[in-house]
Amino acid sequence: MFENLTERLSRTVQQLRGKGRLTEDGIRETLREVRIALLEADVALPVVQTFISAVREKALGQEILKSLTPGQAMVKLVHDELVKIMGVENEALDLKAQPPVAVLMAGLQGSGKTTTTAKLARRLIEQEKKRVMVVSCDIYRPAAIEQLKTLAGQVGAVFQPSTVSQKPADIAREAVAEARRQMCDVLLVDSAGRLHVDEEMMAEIREVHAAINPHETLFVVDAMTGQDAANTASAFNDALPLTGIVLTKTDGDARGGAALSVRHITGKPVKFLGSGEKTDALQPFHPERVASRILGMGDVLSLVEEVHRKVDHQEAEKLVKKIRRGRGFDLEDFKSQMEQMQNMGGLGSLVDKLPGMSNLPDQVKSQVDDRQTRQMIAIINSMTPHERRFPDVIRGSRKKRIAMGSGTQIQAVNRLLKQHSQMQRMMKKMGKGGMAKMMRKVGNLQGQLPPGKLPGGKMPF
Amino acid sequence: MLRIFRKNKNKPGAVQDVQLRPAEQSGLDPLEQRLEDTRRQLGKRLGALLTGRSSIDEDLLDEIETTLITSDIGVQAALEIVENLRAGISNRVITEPKQVLPAVQAELFELIEPCEQFLAVDEGKKPFVIFMVGVNGAGKTTTIGKLAQRFKEDGLSVMLAAGDTFRAAAVEQLKSWGERNDIPVVAQNTGADSAAVIFDALQSAKARNIDVLIADTAGRLHTQHNLMEELKKINRVMGRIDPEAPHETMLVVDAGTGQNAVNQAREFNQAVGLTGITITKLDGTARGGVLFGIAHELGIPIRFIGVGEAAKDLRPFDAGSFVNAILPID
C-alpha cells in the first residue's frame, strides 16, 4: 500500500531528467513526494511542514543536483535529516541522582504505561543490577493496581501496594518514603492513562509530579498513533517537564511517524522502544532504524540483529569449523540451517524486513512460503543417519522409501538432493575464505556496520 | 471513493441536496462540550476563510486539505477530495465559497453513511454472541463493560467471558466490571486457554438461557501470526456449540490510531471476518478519520463510538455528526 520513498523519488527525478538539469521546481516536486511519504507514515502535519522547509534549505544549499543519482542523494538527505531530528545517539535513562531515583510514567489510555513500567523494571534489575520498586497511581481503571502487582512479581521488582481510595499524589509520596526505607535504587511510578484535554486529570498528574519531583518523566506513546500525536505530545509537554519518550507497540507494521512528531514537538529524546508482549521486549532507541522505517526503507539493522539473536551460535560455529576442516556440508547441516530459518519466523518475516520488499504484491509474498522448507525437513527426517552423512548413497529404492516416509514424491527428493549439492559446492568455496569476503561486501553495502559486527559465516542463507 | 462531483456534473447544485443531520448537542455534558470545542475550533478556522469572500481561493482549499489530513483520513484521500473539489469548481458545479464545505461533507457522508448500521441484538439467538477483538490498548475490556451495562439497561440478561488470559489482571478487570453491574463473568486463571474459557462461557450461557454473551480476548497486534491463528481457533470452537456463533465480531479501534488502523481492520477481517467496528477515545482531539479508509476498503458496519468513561458515553455511531466532527461547518 505504501510506496517506498526511494522508488517514489526516483520516479519523480526521472520525470525531471529530460529537462537538462534539476531546477528549484524539481526540488519542489521531490519535496512534495517526501511530504506525502511522511504523511502516509503518520508524521503529524505541522511537523512535516517544518521538516520539509528544513530539507528544502539544505537541498538548495547542497550540490544534490550535480549528483549522478539525485533521487538517491535526496533520500539520503531526508534520511540524514530525520536521524538528526531524532537524536543522533541513543540516550539512556539518567539515574545519576540520590537514590531512590523516581521515574514517572505518563501517557494516554492504552498507550502501554503499565507494561512499559514492568519492562523497564526488568531491564534495570537485570542489566543494571538495580533494586527497583514499582507503584501504581492508577485508581481509576479496574484492576490496574492488580496488573502492576502481578507484573512486579514476574520481573522481581518490589511492589508498593496502593488502594483506589488513596489520592495519587499521596500514593507517590508514600512510595518515595517506602523506597528509601527499603533501600531501593529506583522507584517507577505508573500513572493512570488520561486524555490531554481532561483538565482535572492533567492537574492530578502535575500534583503527582510536584509531590515526588521525579528525576525522569517519561511520556509513553503508541507507535501506531496518527496525526493526534502532535496534540497529545504538546499538551503533555506543557503540563509536565518531560525528560524522555517511550515508543510502544513497535513490533506491528505501523510506520511509526508518531516517533518523529513526538520527538520534534517535545524536543525530548526517545529513550526506549517497546517491541513485544513479553517483559523483556524493551529496546534502546536507535534513531537510524526508526528513520529508515518511517521512510519505508526496510529495517536491515533490526534484521541483522534478529538473525544474530536467534541463530544458534554453537550450531553455526560447529558448521563453520567443519567446513574449514574441509569436511562436507551434509544433509544434517542442511536441515539445521532450514530449522534455524524457521526459528526466525520463516522466510516471510525475513522478506518483510528487507528494503523495498514491503511493496511486493501479496501474491508474490505468498509464494515465499515456508511449506517447502517444512517439506524439505520432512524428507531429511525420513533418511537414515548414514544417508544424511553420505547423500551419494541415495539411489532408486532409497529414494522411493524416503519419498514414502515423508509423504512426498520422488521428484521432491531429487529436488532436495540437487539443491543440497549446489549448496555444498557453494559452501566449499566459502570454506576457502570466500565467506569472509562475501560478508565484507554485505557490510560495505550497508555502509554503517563494521564487517566484524556481522554474524559472519553464520547466516543460514 | 469519490463519486459525488462526477455524478453531479450534469446536475449543478445537486451537491446541496444531501441533508446532514445536526450534531448531537446537549450543552451540559462536559464531554460533549469538549467534542464541541474541537469542532468549533476547526469550524472557526474554516469559517474565517468563508466570510466576506465572493470567490473560492487557494487558502480555503489548503485549509480543507489540512483539516482532512489532520483527521487521519489519509493523505491520498485528502488530496483526492481537494482535487475533485478543484474539478468541481472549474466545472462550475461549485461556484460560491459557501457551497464548498457542504460539498466536501456530502462526499464524506456518502462514503461513511452505508456503515451506519446499528447493532441489533437478535433475541431469537440465545445467546447472541459478541466476540471482541483488537490490538493492545484499544479499549476492548472497557468497551465490553459499557456494552454490558447498556444491554442490561435494555432488559437483556448478559454474561461475560474473560477470554483475555494473557495480560496480567485482565481477568480481574473484567470481573470488576461484572461485579459493578451484577453480571456473571466466566473466567479461568491467567494463562488458561482462551478458547476453552469462551467455550465454557458459551455452554453456560446456553444452559442459563442468557440473552447476550460478550467474549473478551487479549489484545494482539495483527502482525502476530500465531495470535491471529488463536482467534480463528476461538471462532471454530464457538462454532461447535452454535454454528452461527459469534453473531457479531467486533473490532475495537483507538481513535488516535493513524493509517495503521486500515491494516488492523484488513488483517482482523481476514482472520475472523469482522461484522462491526467500535471506535474508542473520540473524546480527545483525535477525530478518527481513518474510519473513512476502512469504510472505503472494507465497508464494515460501524456500531459505536466511545466518548468517555461512563457507560452512556458509548454511543451508536451517527454518520452525520461524525462527518461534522471531521469537517465542521461553524
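In what follows, every heavy atom counts, from backbone to side chain, and hydrogens, waters and symmetry copies are set aside. Within every chain, numbering begins at 1; the chains are lettered A, B, ... in the order of the sequence lines, protein sequences first and strands thereafter.
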Enquirer: If you count heavy-atom pairs within less than 4.5 Å of chain A, which of Gly219(B), Ala286(B), Ala138(B) leads?
Expert: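 Answer, by heavy-atom pair count under 4.5 Å with chain A: Ala286(B).
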Enquirer: Quick check on Glu179(B) against chain A: is it the side chain, the backbone, both or neither that has a heavy atom closer than 4.5 Å?
Expert: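 Contact with chain A is absent: no heavy atom of Glu179(B) under 4.5 Å.
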Enquirer: Take atom CZ in Arg180(B); do more than 12 heavy atoms of anything else shown fall under 6.0 Å from it?
Expert: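 It does: Arg180(B) CZ has more than 12 such atoms within range.
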Enquirer: Within a radius of less than 6.0 Å around NZ of Lys278(A), do more than 12 heavy atoms belonging to other residues, nucleotides or ligands occur?
Expert: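 No, not enclosed.
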Enquirer: Under the 3.5 angstrom rule, does the side chain of Thr257(B) hit a backbone N or O of Val253(B) as a donor-acceptor pair?
Expert: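 No; judged by distance alone, with no hydrogens or angles, the pair does not exist.
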Enquirer: Measuring heavy-atom distances to chain A, does His225(B) have an atom under 4.5 Å in its side chain, in its backbone, in both, or in neither?
Expert: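 It is neither, since no heavy atom gets under 4.5 Å.
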Enquirer: Can you pull out the residues in residues 169-178 of chain B with any heavy atom less than 4.5 Å from chain A?
Expert: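 Answer by number: Ala169(B), Glu172(B), Gln173(B), Ser176(B), Trp177(B).
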Enquirer: Which distance, rounded to the nearest 0.5 Å, do you find between the OG1 of Thr279(A) and the CD of Glu277(A)?
Expert: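 Spacing of OG1 (Thr279(A)) from CD (Glu277(A)) equals 11.5 Å.
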Enquirer: Have Asp253(A) and His222(B) got a donor and an acceptor in their side chains that come within less than 3.5 Å?
Expert: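 A donor-acceptor contact under 3.5 Å links the two side chains.
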Enquirer: Using non-hydrogen atoms only, which part of Asp228(A) is less than 4.5 Å away from chain B: side chain, backbone, both, or neither?
Expert: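 Contact with chain B is through both the backbone and side chain of Asp228(A).
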Enquirer: Answer with side chain, backbone, both or neither: which region of Glu267(B) has an atom nearer than 4.5 Å to a non-hydrogen atom of chain A?
Expert: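 Neither; nothing under 4.5 Å.
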Enquirer: Just to be sure I understand the criterion: a residue of residues 141-148 of chain A counts if one of its heavy atoms is under 4.5 Å from a heavy atom of chain B. Which ones qualify?
Expert: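 The list, in residue order, reads Arg141(A), Pro142(A), Ala143(A), Glu146(A), Gln147(A).
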Enquirer: With a 4.5 angstrom heavy-atom cut-off, which part of Thr141(B) approaches chain A: side chain, backbone, both or neither?
Expert: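 Neither part; nothing is under 4.5 Å.
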Enquirer: Give the intermediate values and the outcome of side-chain contact (heavy atoms from CB on, under 4.5 Å) for residues Lys119(A) and Phe272(A).
Expert: CA-CA 10 Å; Lys119(A) 288 178 178 176; Phe272(A) 296 101; over 6 Å; no
Enquirer: If you count heavy-atom pairs under 4.5 Å between each of His196(A), Gln227(A), Lys249(A) and chain B, which one has the most?
Expert: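 That would be Gln227(A).
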